[in-house]
S.K.: 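What follows is a single structure, and I will ask about it in a moment.
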Amino acid sequence: MGVERSGPDQRLRDVARAMRGVIELLEVYWTRVPEGFSPVTVSAPQLRVMYVIERREGINLRQLGAELDAAPSSVSRLCDRLEAIGFVRRSSSTASRREVELRLTAQGRAHLDRLRARREERLAAALARASPASRARLMEAVETIRVALTAAVRAEPPTSVAKPSDDAAGRPPSTGTQRPPGDGAERRTG
């Protein structure tokens, strides 16, 4: 027999389910590439790598793998691809010649800036259909979610278990200058 759920626990699950639905819609909405936007496509795992490198400039491959909970070989391949398209630069560490530091290039930063601007434009166009009062309530709710997710990401220690997939686990980015790793929403830019 199924247990009927009610009360605060069920309301929390309902909110989480609604948020999941919004995130899934955003994934579809953002993967539609408008004509003439960008000839370069970046996969979701590559985008998560770029977010982490942006937030932790000079991170090494081992630290990046731990942050993404991904196998070193997968992280290295992702960085190879990003380096090949000119978005990431590897350089020898000043602290240890055996380590390689990762940094976004100007081209990589510009790509993220264009991507974020395009996402904001598209969201603003969709949100223009809502009333000003609804948008104000949404802003308050989004800020609450951003604060909670930021706290959750900071509370999670990086795991040392590596996964053999390029699809490294990601977390949604916060608003503002400090971004938790990855957003998991991109298959292509748009």
Side-chain angles (χ1 to χ4, degrees), residues 16 19-20 23-33 37-119 146 149-190:
M19 281 298 305
R20 178 192 43 80
I23 291 166
E24 289 171 358
L25 283 170
L26 285 172
E27 288 175 344
V28 170
Y29 191 57
W30 279 336
T31 57
R32 294 182 186 160
V33 180
F37 176 67
S38 175
V40 178
T41 58
V42 178
S43 69
Q46 290 167 335
L47 190 60
R48 286 190 293 268
V49 166
M50 290 178 71
Y51 285 140
V52 173
I53 293 172
E54 178 187 44
R55 188 174 52 84
R56 295 194 51 204
E57 192 73 25
I59 191 171
N60 65 38
L61 285 169
R62 182 186 49 76
Q63 293 166 333
L64 180 60
E67 182 116 3
L68 296 172
D69 194 21
S73 60
S74 296
V75 172
S76 185
R77 281 192 307 273
L78 288 167
C79 290
D80 288 345
R81 293 176 196 140
L82 289 168
E83 190 173 33
I85 59 176
F87 286 178
V88 169
R89 178 178 39 91
R90 298 178 203 222
S91 59
S92 296
S93 169
T94 55
S96 169
R97 289 186 299 188
R98 293 185 310 165
E99 289 188 12
V100 173
E101 295 177 343
L102 302 166
R103 288 185 168 68
L104 290 181
T105 63
Q107 185 180 355
R109 288 184 191 289
H111 181 78
L112 288 181
D113 290 345
R114 284 189 308 271
L115 178 66
R116 288 177 177 132
R118 179 65 182 149
R119 285 177 168 183
R146 186 196 65 77
L149 285 172
T150 300
V153 167
R154 288 185 179 144
E156 292 177 6
T159 62
S160 60
V161 178
K163 293 181 181 176
S165 169
D166 275 2
D167 291 324
R171 295 171 187 90
S174 67
T175 57
T177 57
Q178 286 280 327
R179 294 191 182 278
D183 72 351
E186 283 298 305
R187 300 289 183 268
R188 301 177 305 192
T189 58

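Predicted model only: the values in this text are computed from it and were never measured. The analysis underlying the following values was restricted to heavy atoms, covering all of them including side chains, and did not include hydrogens, waters or symmetry mates.
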S.K.: Are any non-hydrogen side-chain atoms of Ile53 and Val88 less than 4.5 angstrom apart?
M.R.: yes

S.K.: Check whether any side-chain heavy atom of Leu61 lies under 4.5 Å from a side-chain heavy atom of Pro72, and answer yes or no.
M.R.: no

S.K.: State, with a plain yes or no, whether a side-chain heavy atom of Arg81 is found less than 4.5 Å away from one of Val49.
M.R.: no

S.K.: Which residues pass the side-chain hydrogen bond (donor to acceptor under 3.5 Å, both in side chains) test with Arg103, not counting sequence neighbours?
M.R.: Glu101

S.K.: Please tell me if the side chains of Ser76 and Arg90 come closer than 4.5 Å, counting only heavy atoms from C-beta onward.
M.R.: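 They are in side-chain contact.
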
S.K.: What are the two closest non-hydrogen atoms of Leu47 and Leu115, and how far apart are they?
M.R.: CD1-CD2, 3.6 Å

S.K.: Considering residues at least two apart in sequence or located in another chain, which fulfil the side chain to side chain contact (heavy atoms under 4.5 Å, CB included) criterion with Arg109?
M.R.: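 Once residues adjacent in sequence are excluded, the partners of Arg109 under the side chain to side chain contact (heavy atoms under 4.5 Å, CB included) criterion are Glu54, Glu57, Leu104.
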
S.K.: Should Leu78 and Leu64 count as side-chain neighbours, where that means a heavy-atom distance under 4.5 Å?
M.R.: no

S.K.: Examine distances only and state if a side-chain atom of Ser74 and a backbone atom of Ala70 form a donor-acceptor pair shorter than 3.5 Å.
M.R.: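 No, because the side chain of Ser74 does not come within donor-acceptor range (under 3.5 Å) of the backbone of Ala70.
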
S.K.: For the residue pair Ser92 and Val100, establish whether any side-chain heavy-atom pair is separated by less than 4.5 Å.
M.R.: no

S.K.: Once you round to the nearest 0.5 Å, how far does CG of Leu68 lie from CD of Gln63?
M.R.: 12.0 Å

S.K.: Does Thr105 have any side chain to side chain contact (heavy atoms under 4.5 Å, CB included) partners at least two apart in sequence or in another chain, and if so, which?
M.R.: Arg89, Gln107

S.K.: Between CZ of Arg77 and CD of Gln46, what distance do you get to the nearest 0.5 Å?
M.R.: 11.5 Å

S.K.: Please examine the side chains of Phe87 and Leu112, heavy atoms only from C-beta on, and report whether any two atoms are closer than 4.5 Å.
M.R.: no

